[in-house]
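Here is the structure we will look at, set down as structure tokens.
Residue numbers count from 1 along this sequence. Keep in mind that this is a model prediction, so the values were computed, not measured.
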Amino acid sequence: MYKKYLVTVFAWLLTLQVMAQYDLYVSVFEGGTLRETVELIADDAMQTVGSMKVNGPINGTDMMFIREMCGVKDLDTPTGGKVKVLDLSDANIVASSDVYLSMYGVDFTTQEDHFGSGFLYNCTQLEQVLIPIGIVSIDTLALGMCSSLKEVMIPNGVERIGYGAFYGCSSIRSIDVPDLVSVIEDGAFQNMEALEELSLGNAVTSLDNSAIMGDNRLQGITLGEGFWHFSPVLFYNSPSLANINVTPGNPYYSSWEGVLFSSGRDSLLAYPPAYQASEYELPEGVRHIAPYAFCMSSELQTVIIPSSVEVIDTLAFYGSQSLADVRLNEGLRTLRFGAFANMMAEESPLTTLSLPSTVDEIEGGAFLFQTAHIRVSEQNEHYMTDEAGVLYNKAGSVLCHVPCTLHQAELTAVTDSVAPYAFAGSSMPTIYLGDGVKSVGNGAFFSAGAYHLTLGRGIERLGDRLVEGCSNLKTLYCFATPDDAHVAPAAFCDKEGDVARECVLYVLPGKMSEFMQKRGFSDAEGKSYFSAIREMEDADHLETVRNDVLPNHPAYDWTGKRVSSSHQGGRIVVLPDGKGIKVVGK
């Protein structure tokens with residue numbers, strides 16, 4: 001009897017202590033009675049209560065009242081409520097048909113053990129929330145736009161964090177996801193501007209790249225034991241990220257000095273964008289640099305890649321704007337699309353990129369928008385470069401890459417093919433592909449600055465979206481005929497605005513109607529991608545003009561008309577001289 005008395009006294013004293021922490025401590029015994037219970041305790045609660053703890057069952061009617069106490073009714077109607085601290089840890093959510101919020105045409109009602117969609121959405125004055133202990137799911141936008149919220153406790157029993165659950169909670173600095181959470185939906189932690197640390201529990205297996213996308217100051221992230229899949233772009237969405245850690249026991253990934261590797265450390269998966277080092281040497285034994293691995297790194301100036309590395313994957317160093325020195329060792333074999341892509345900057349600290357003799361595969365666009373000059377070891381059996389830094393295959397039959405900063409060049413290799421994205425970002429105002437060129441790869445002139453482009457008679461294949469992003473393009477001079485070439489359906493379509501519609505297409509006499517109906521030059525309804533299609537004048541004479549007679553001899557402009565000497569030296573047609581392609585600038 002004495003022991004029972006002591007326990008009762010202790011519980012009573014503890015209750016008094018808890019009550020003292022809050023302006024209002026209220027217990028309800030039936031859902032829907034919170035408002036009347038509060039009004040019995042304090043009829044001026046709406047104006048005076050800054051902190052509140054609620055025990056007992058809560059339904060939709062109660063949640064509507066709680067929102068009013070927290071200062072907002074409906075989506076954004078102010079109520080005058082003052083609650084900044086809300087403790088629902090001992091409450092339990094019960095199912096009801098009572099609507100607590102209507103949002104975008106949808107009426108929301110409570111579900112048992114769900115911290116419901118929009119429960120506290122846009123309660124901008126809340127600073128601390130304790131979620132009910134028995135909750136299994138934090139639903140869509142449950143705490144969205146609680147911009148003053150600094151602290152939130154996610155109970156250990158939660159299994160799911162819904163779409164945008166903490167979207168726009170711009171004052172929370174850290175989140176620990178409990179071990180039972182197995183699902184984190186898109187945008188769950190999006191636009192959390194103050195978020196610095198995110199620790200994922202052991203049941204989280206994957207994280208979509210949109211989960212943490214948007215404004216944040218995320219400096220560190222910890223992946224739990226069960227984490228096994230992520231989007232390659234996940235980490236570069238957080239420009240302040242300096243460390244990626246992995247819980248010991250994870251069979252898929254490992255972390256070494258804050259950099260993410262595969263479990264056996266044979267693949268470097270993610271180098272944090274804000275990793276605090278100007279020089280980084282990959283550990284010996286790494287064979288693969290994964291897609292986007294060094295993407296958007298802000299501090300990295302020098303990277304040393306050991307001989308064990310064989311593959312540098314898609315967009316691996318894209319956007320690493322401080323990168324000035326890349327040391328590639330013998331052993332490297334493959335460069336994927338965008339491996340050393342630049343961010344379309346006019347200049348880059350990286351002035352020269354030297355490829356070892358072992359490289360045997362360079363995908364089109366590997367150096368997308370890259371301003372550095374490419375150099376290839378003379379011992380390389382597959383590729384070569386000329387003095388201007390232009391990259392060809394060893395036989396000179398494929399033009400692989402033209403440096404973006406090259407304003408004028410003569411490409412004298414015997415070229416019959418232009419690789420995908422070869423001229424991407426080129427600053428040449430005039431590009432001429434002579435009769436020897438048979439194939440032009442996808443996106444060959446992507447975002448090039450050219451005003452004039454010419455295709456010779458030898459064209460057999462034109463790839464997709466050749467001139468996408470070529471906003472300066474005014475004329476396309478085509479000696480090829482559509483009957484002779486396989487033209488991709490979207491060869492001259494630009495998904496960002498159909499820039500080809502600002503361009504005039506010039507064709508050989510008698511071929512206009514064929515081009516007007518040809519897919520690749522027109523859409524499915526037969527509407528031309530170009531502003532106009534016109535026939536050349538005196539085309540036969542135009543083809544006799546040679547590079548070595550310009551600019552001191554008669555020349556012809558891009559309509560095929562002869563120009564006077566006072567107009568020569570500008571954008572003029574330069575035709576094949578038997579040695580290969582000629583590309584001439586202003």
Side-chain angles (χ1 to χ4, degrees), residues 11-74 78-101 108-139 141-144 146 148-158 165-166 169 172:
W12 180 70
L13 290 173
L14 184 61
T15 300
L16 288 177
Q17 183 180 8
V18 171
M19 291 173 64
Q21 297 176 9
Y22 301 95
D23 296 337
L24 179 64
Y25 180 94
V26 57
S27 295
V28 293
F29 302 97
E30 181 182 353
T33 63
L34 180 61
R35 184 188 298 268
E36 59 190 78
T37 304
V38 168
E39 289 175 351
L40 284 173
I41 299 172
D43 57 7
D44 60 348
M46 193 71 69
Q47 289 74 39
T48 60
V49 173
S51 59
M52 179 171 70
K53 180 177 175 65
V54 179
N55 294 342
I58 295 174
N59 67 9
T61 299
D62 301 319
M63 275 311 305
M64 180 185 290
F65 176 67
I66 288 174
R67 287 180 56 81
E68 293 175 18
M69 290 289 293
C70 294
V72 64
K73 182 179 180 180
D74 303 321
T79 63
K82 300 294 192 292
V83 170
K84 295 183 178 181
V85 177
L86 178 63
D87 185 348
L88 300 177
S89 57
D90 293 329
N92 61 291
I93 310 299
V94 296
S96 76
S97 59
D98 301 332
V99 176
Y100 61 84
L101 177 66
F108 291 100
T109 59
T110 52
Q111 302 178 57
E112 187 172 350
D113 295 335
H114 278 240
F115 201 72
S117 297
F119 254 19
L120 296 171
Y121 181 80
N122 206 32
C123 292
T124 57
Q125 67 189 27
L126 273 174
E127 296 180 0
Q128 182 182 21
V129 173
L130 278 70
I131 296 173
I133 292 174
I135 287 298
V136 297
S137 176
I138 302 174
D139 292 346
L141 294 170
L143 289 149
C146 291
S148 298
L149 190 62
K150 297 180 175 65
E151 184 178 349
V152 62
M153 185 198 78
I154 303 176
N156 290 330
V158 171
F166 294 92
C169 290
I172 295 177

Query raised in the report: Where do Ala142 and Gly116 come nearest, in terms of heavy atoms and distance?
Result: CB-O, 3.4 Å

**Report entry** Test item: side-chain donor near acceptor, Asn55 and Tyr25, under 3.5 Å
**Finding:** yes

Query raised in the report: Given side chains that start at C-beta, do those of Val72 and Pro78 come closer than 4.5 Å, heavy atoms only?
Result: no

Report task. Supply the atom-to-atom distance Thr37 OG1 to Glu30 CD, rounded to the nearest 0.5 angstrom. Result -> 9.5 Å

Query - Residue Lys73 excluded, over 12 heavy atoms near NZ under 6.0 Å - result: no

Query raised in the report: Less than 4.5 Å apart, any side-chain heavy atom of Glu127 and any of Glu151?
Result: no

Query raised in the report: When you check the side-chain N and O atoms of Asp139 and Ser117, is any donor under 3.5 Å from an acceptor?
Result: no

Query raised in the report: Does some side-chain heavy atom of Val158 sit less than 4.5 Å from a side-chain heavy atom of Val136?
Result: no

Query - Asp23 and Thr48, any side-chain heavy atoms less than 4.5 Å apart - result: no

Report task. State, with a plain yes or no, whether a side-chain heavy atom of Tyr22 is found less than 4.5 Å away from one of Val49. Result -> no

Requested in this report: Report the distance from atom CG of Leu143 to atom CG of Leu141, rounding to the nearest 0.5 Å.
Outcome: 9.5 Å

Query - Gln125 side chain to Gly81 backbone, donor-acceptor under 3.5 Å - result: yes

Requested in this report: Using atom types as modelled and distance alone, determine if a side-chain donor or acceptor of Asn92 lies under 3.5 Å from a backbone N or O of Asp113.
Outcome: no

Report summary line: Here the gap from Phe119 atom CZ to Tyr100 atom OH, rounded to the nearest 0.5 Å, amounts to 5.0 Å

Query raised in the report: How about Met63 and Ile58: do any of their side-chain heavy atoms sit closer than 4.5 Å?
Result: yes

Query raised in the report: In terms of side-chain heavy atoms, does Lys53 have a donor or acceptor partner in Ser89 at a distance below 3.5 Å?
Result: yes

Query - Side-chain donor/acceptor of Lys84 to backbone N/O of Lys82, under 3.5 Å - result: no

Requested in this report: Look at the side chain of Thr109 and the backbone N and O of Ser97, then say whether any donor-acceptor pair between them is shorter than 3.5 Å.
Outcome: no

**Report entry** Val54 side chain near Met52 side chain, heavy-atom distance below 4.5 Å
**Finding:** yes

Requested in this report: Please step through side chain to side chain contact (heavy atoms under 4.5 Å, CB included) for the pair Asp44 and Met46, ending with a clear verdict.
Outcome: CA-CA 6 Å; Asp44 60 348; Met46 193 71 69; over 6 Å; no

Report summary line: Rounded to the nearest 0.5 angstrom, the CG-CG distance for Leu149 and Leu86 is 10.0 Å

Query raised in the report: Just by distance, do the side chain of Arg67 and the backbone of Cys123 share a donor-acceptor pair under 3.5 Å?
Result: no

Query raised in the report: Say you draw a straight line from CG of Asn59 to OG1 of Thr33; how long is it, rounded to the nearest 0.5 Å?
Result: 8.0 Å

Query raised in the report: Is there side-chain contact between Asn156 and Ile133, with heavy atoms separated by less than 4.5 Å?
Result: no

Report task. Just do the side chain to side chain contact (heavy atoms under 4.5 Å, CB included) check on Val26 and Ile41 with the steps written out, would you? Result -> CA-CA 8 Å; Val26 57; Ile41 299 172; 3.9 Å; yes

Query raised in the report: Which distance, rounded to the nearest 0.5 Å, do you find between the CG of Asp87 and the CG of Asp90?
Result: 6.5 Å

Report task. Would you sort out whether Phe65 and Val38 count as a side chain to side chain contact (heavy atoms under 4.5 Å, CB included), showing the intermediate values? Result -> CA-CA 10 Å; Phe65 176 67; Val38 168; 3.7 Å; yes

**Report entry** Residue pair Val83, Leu126: steps toward the side chain to side chain contact (heavy atoms under 4.5 Å, CB included) verdict
**Finding:** CA-CA 7 Å; Val83 170; Leu126 273 174; 4.3 Å; yes

Query raised in the report: Would you say the side-chain atoms of Ser96 and Thr110 include a donor-acceptor pair closer than 3.5 Å?
Result: yes

Query raised in the report: Counting N and O atoms only, with roles assigned by atom type, does the side chain of Arg35 sit under 3.5 Å from a partner on the main chain of Asp62, one being a donor and the other an acceptor?
Result: no

